[in-house]
Amino acid sequence: VGLYGVPPHTAALLQRIGRSGRRNGYVRVLPIARNEIEARVFASMLLAAFQGVLEPNPNAKLWSVFVQQALSHTAQAGKRGRRREDLLQLAQDVWYETGGPVTASIILDFMIDESFLVDNGGRLYLGPSWSDRFERLGGGLHTNFESGDGRIPVIDATTGEILTRIASAPMKSTVALAGQRWDVVSDTDDIVIKSSRSEGASDTFSYNAKPAPITMSFALHARRGFGFEESEAPILDFGNKRLWFHFGGSAYQTALTSLFSGLKAVSALNGLAVTGPESLADLIELTASPEALVEILRRSADRLSSSFSLGRYHNSLPEEIRKTVTIEAFGPEMFISWLKSRKVELLDQSDGRYRKLVRAMQP
């Protein structure tokens with residue numbers, strides 16, 4: 001199995017390389033790193049895979065799954081529709097809530113208000129836009145997967161070539177791309193299209209120019225790959241910048257830059273380092289008030305959510321539930337513990353790890 005670029009975490013790496021060796025039991029892996037940082041992440045992640053050590057997953061209820069299941073379950077019923085009580089019981093069976101399915105009820109009300117679903121005589125049916133989408137691309141309602149970098153591949157049905165990657169699936173059956181019209185064949189996982197001769201209205205793709213988020217797992221293996229211990233967070237004087245290698249991933253970096261205006265992201269070191277700080281005193285002071293931290297994080301929830309795989313339908317949730325899911329996935333208590341445990345030191349040029357970091361930052 002050839003891996004071009006690093007998977008988001010060790011479990012994903014094991015899943016991908018598990019397609020090798022099914023006949024003779026030997027797994028052969030060709031890791032193709034695109035830069036020095038990826039090479040060291042690969043080395044650390046492959047070692048973890050060999051040892052069977054996996055990173056913990058965030059403990060969050062992904063309510064986007066209920067949005068997808070409510071739509072899918074209703075679509076399967078066809079003209080009979082679904083009773084509201086049946087959908088609520090579906091949620092209660094999966095995520096039990098004391099006092100009844102309160103959250104699921106709020107989500108269903110929101111879906112009706114937004115015309116995802118239509119209430120007709122006490123039974124729920126797909127709203128017009130979703131009904132049209134199901135008739136065209138039925139399989140697209142039966143999955144909640146999203147690509148690891150938050151973008152969906154668009155594939156030419158004739159050649160199998162990936163033509164581009166987009167931020168969200170189109171709502172119409174015909175799309176415009178590269179000066180041509182294309183029919184959407186499937187949007188179950190990837191968007192598969194073929195050349196079209198049809199006329200009429202067509203959709204355009206929504207692109208996401210932002211870089212893919214750096215997972216905490218990637219950052220953890222970057223730290224290990226460069227030879228730093230669990231709590232080490234070195235500061236490096238590099239040119240006219242003082243870089244703080246926090247090795248926390250995109251989510252923690254978003255939180256840090258939202259909390260403190262003096263910390264600035266570095267695009268080439270996304271999720272690994274920021275400019276500053278002079279000291280951690282102000283950062284540590286924040287950990288004394290977890291409630292204040294959570295409130296600040298809630299205001300940055302939409303920015304934080306892009307750092308996690310919260311499901312294709314996460315943005316179809318009510319705002320408050322969306323924020324709650326994101327904060328649960330983020331884990332404020334873990335963030336506070338992580339921040340308190342940082343051991344910051346200024347590396348000098350005699351340290352071999354300093355030279356490794358500098359070399360990795362060279363274009």
A.B. asks: Test your reading of the model: is there a side-chain donor-acceptor pair from E232 to the backbone of F228, 3.5 Å cut-off?
C.D. replies: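 No, because the side chain of E232 does not come within donor-acceptor range (under 3.5 Å) of the backbone of F228.
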A.B. asks: Is the backbone of H73 close enough, under 3.5 Å, to the side chain of R82 for a donor and an acceptor to pair up by distance?
C.D. replies: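 A pair under 3.5 Å: yes.
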A.B. asks: Under the ring-ring contact (aromatic ring centres under 6.0 Å, His included) rule, collect the residues that match up with Y125, sequence neighbours excluded.
C.D. replies: none
A.B. asks: Mind checking whether L54 and F50 sit in one hydrophobic cluster, side chains of I, L, V, M, F, W, Y counted as touching below 4.5 Å?
C.D. replies: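 L54 and F50: separate clusters.
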A.B. asks: Spell out, as yes or no, whether a donor-acceptor pair under 3.5 Å connects the side chain of R123 to the backbone of R80.
C.D. replies: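 Yes, because the side chain of R123 sits within donor-acceptor range (under 3.5 Å) of the backbone of R80.
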A.B. asks: Under 3.5 Å, is there a donor-acceptor pair linking the side chains of S305 and R322?
C.D. replies: no
A.B. asks: Apply side-chain contact (heavy atoms from CB on, under 4.5 Å) to V94 and K61, showing your working.
C.D. replies: CA-CA 10 Å; V94 178; K61 293 180 179 178; over 6 Å; no
A.B. asks: May I ask you to list the residues sharing a hydrophobic cluster with Y4, side-chain cutoff 4.5 Å, ordered by chain and number?
C.D. replies: L30, I32
A.B. asks: Check whether S306 reaches the backbone of R303 with its side chain - one donor and one acceptor, N or O, closer than 3.5 Å.
C.D. replies: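 A pair under 3.5 Å: yes.
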A.B. asks: Just verifying a value: how many Å separate D348 CG and L236 CG, rounded to the nearest 0.5 Å?
C.D. replies: 10.0 Å
A.B. asks: More than 12 foreign heavy atoms under 6.0 Å from CZ of R28: is that the case here?
C.D. replies: no
A.B. asks: Measure across A329 and F308 and return the closest heavy-atom pair with its distance rounded to 0.1 Å.
C.D. replies: O-CE2, 3.7 Å
A.B. asks: Roughly how far apart are T74 OG1 and L87 CG, rounded to 0.5 Å?
C.D. replies: 4.5 Å
A.B. asks: List the atom of S217, the atom of P8, and the distance in Å for their closest heavy-atom pair.
C.D. replies: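 Shortest heavy-atom separation between S217 and P8 comes out as CB-O, 3.5 Å.
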A.B. asks: Between L220 and L357, is there a shared hydrophobic cluster once you connect ILVMFWY residues whose side-chain heavy atoms come closer than 4.5 Å?
C.D. replies: no
A.B. asks: Quick one: CG on L88 to CD on E85, what's the gap to the nearest 0.5 Å?
C.D. replies: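 Spacing of CG (L88) from CD (E85) equals 7.0 Å.
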A.B. asks: With T324, which residues qualify under side chain to side chain contact (heavy atoms under 4.5 Å, CB included), at least two apart?
C.D. replies: R298, E328
A.B. asks: If we ignore hydrogens and angles and just use 3.5 Å, is the side chain of Q253 paired with the main-chain N or O of G271 as donor and acceptor?
C.D. replies: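 Confirmed, Q253 side chain pairs with G271 backbone.
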A.B. asks: Has E345 got more than 12 heavy atoms of other residues, nucleotides or ligands less than 6.0 Å from its CD?
C.D. replies: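 Correct, the count exceeds 12.
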A.B. asks: F226, V266: one ILVMFWY side-chain cluster at the under-4.5 Å cut-off?
C.D. replies: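 F226 clusters together with V266.
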A.B. asks: Please report the shortest heavy-atom distance between A255 and L297, naming the atom on each side.
C.D. replies: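 Scanning both residues completely, I find the closest heavy atoms to be CB-CD2, 3.8 Å.
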A.B. asks: Calculate, to the nearest 0.5 Å, the distance between atoms CG and OG1 belonging to D183 and T174 respectively.
C.D. replies: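 Result: 4.5 Å between the selected atoms.
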A.B. asks: Distance check, rounded to the nearest 0.5 Å: L339 atom CG versus F335 atom CZ?
C.D. replies: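 L339 atom CG to F335 atom CZ measures 5.0 Å (nearest 0.5 Å).
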A.B. asks: Does any N or O in the side chain of R40 come within less than 3.5 Å of the main-chain N or O of E36, such that one atom is a donor and the other an acceptor?
C.D. replies: no
A.B. asks: Show me the side-chain donor-acceptor pairs of residues 97-118 shorter than 3.5 Å, one per line, residues at least two apart or across chains.
C.D. replies:
| from | atom 1 | to | atom 2 | distance (Å) |
| --- | --- | --- | --- | --- |
| E97 | OE1 | V102 | N | 3.3 |
| E97 | OE1 | T103 | N | 3.1 |
| E97 | OE2 | T103 | OG1 | 2.8 |
| S105 | OG | R84 | NH2 | 2.9 |
| D109 | OD1 | R84 | NH1 | 3.2 |
| D109 | OD1 | R84 | NH2 | 2.9 |

A.B. asks: Please answer whether the main-chain N or O of S231 pairs with a side-chain N or O of S341 as donor and acceptor at a distance below 3.5 Å.
C.D. replies: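 Checking the backbone N and O of S231 against the side chain of S341, no donor-acceptor pair under 3.5 Å is found.
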A.B. asks: On the 0 to 90° scale, with breaks at 30° and 60°, tag the Y313-W130 ring pair as parallel, tilted or perpendicular.
C.D. replies: tilted
A.B. asks: Might you work through the side-chain contact (heavy atoms from CB on, under 4.5 Å) test for I191 and W182, ending with a clear yes or no?
C.D. replies: CA-CA 11 Å; I191 309 298; W182 305 77; over 6 Å; no
A.B. asks: On the 0 to 90° scale, with breaks at 30° and 60°, tag the F247-F245 ring pair as parallel, tilted or perpendicular.
C.D. replies: tilted
A.B. asks: To the closest 0.5 Å, what do you measure between CZ (R353) and NZ (K356)?
C.D. replies: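 Between R353 CZ and K356 NZ, I get 8.5 Å after rounding to 0.5 Å.
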A.B. asks: Verify the cluster assignment for L347 and M361: are they in a single hydrophobic cluster under the rule of side-chain heavy atoms below 4.5 Å apart?
C.D. replies: yes
A.B. asks: Quick check: closest heavy atoms across G248 and M216, and the distance to 0.1 Å?
C.D. replies: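 Scanning both residues, the minimum pair turns out to be O-CE, 3.6 Å.
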A.B. asks: Any idea which heavy atoms bring L243 and L269 closest together, and the distance?
C.D. replies: CD1-CD1, 3.9 Å
A.B. asks: Would you mind reporting whether L346 and R242 have side-chain heavy atoms less than 4.5 Å apart?
C.D. replies: yes
A.B. asks: Could you tell me which residues satisfy side chain to side chain contact (heavy atoms under 4.5 Å, CB included) with D86, sequence neighbours excluded, listed by chain and number?
C.D. replies: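 Per chain and number, D86 pairs via side chain to side chain contact (heavy atoms under 4.5 Å, CB included) with R83.
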A.B. asks: Would you find a donor on one side and an acceptor on the other, under 3.5 Å apart, between the side chain of W63 and the backbone of I321?
C.D. replies: no
A.B. asks: Under a single-linkage definition using a 4.5 Å side-chain heavy-atom cutoff for Ile, Leu, Val, Met, Phe, Trp and Tyr, are V27 and L47 assigned to the same hydrophobic cluster?
C.D. replies: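 Per the 4.5 Å side-chain linkage, V27 and L47 are not co-clustered.
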A.B. asks: Looking only at side-chain N and O atoms, does S72 offer a donor or acceptor that is under 3.5 Å from a partner on Q76?
C.D. replies: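 Distance-only check passes for Q76 and S72.
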A.B. asks: Would you call E55-R224 a salt bridge at under 4.0 Å N-O?
C.D. replies: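 No, E55 and R224 are not salt-bridged.
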A.B. asks: Kindly give the heavy-atom pair with the smallest separation between I235 and W244, and that separation in Å.
C.D. replies: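 Shortest heavy-atom separation between I235 and W244 comes out as CG1-CD1, 3.8 Å.
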A.B. asks: Determine whether a donor-acceptor pair (N or O, by modelled atom type, separation under 3.5 Å) exists between the side chain of T254 and the backbone of L304.
C.D. replies: no
A.B. asks: Which residues satisfy the ring-ring contact (aromatic ring centres under 6.0 Å, His included) test with F66, sequence neighbours excluded?
C.D. replies: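 Checked F66 against ring-ring contact (aromatic ring centres under 6.0 Å, His included); zero matches.
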A.B. asks: Are more than 12 heavy atoms from other residues, nucleotides or ligands located less than 6.0 Å from atom CD of E229?
C.D. replies: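 12 or below, so no.
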A.B. asks: Taking the side chain as C-beta and beyond, is there a heavy-atom pair between V29 and F42 under 4.5 Å?
C.D. replies: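 When only atoms from C-beta onward are counted, F42 and V29 do not touch, as no gap falls below 4.5 Å.
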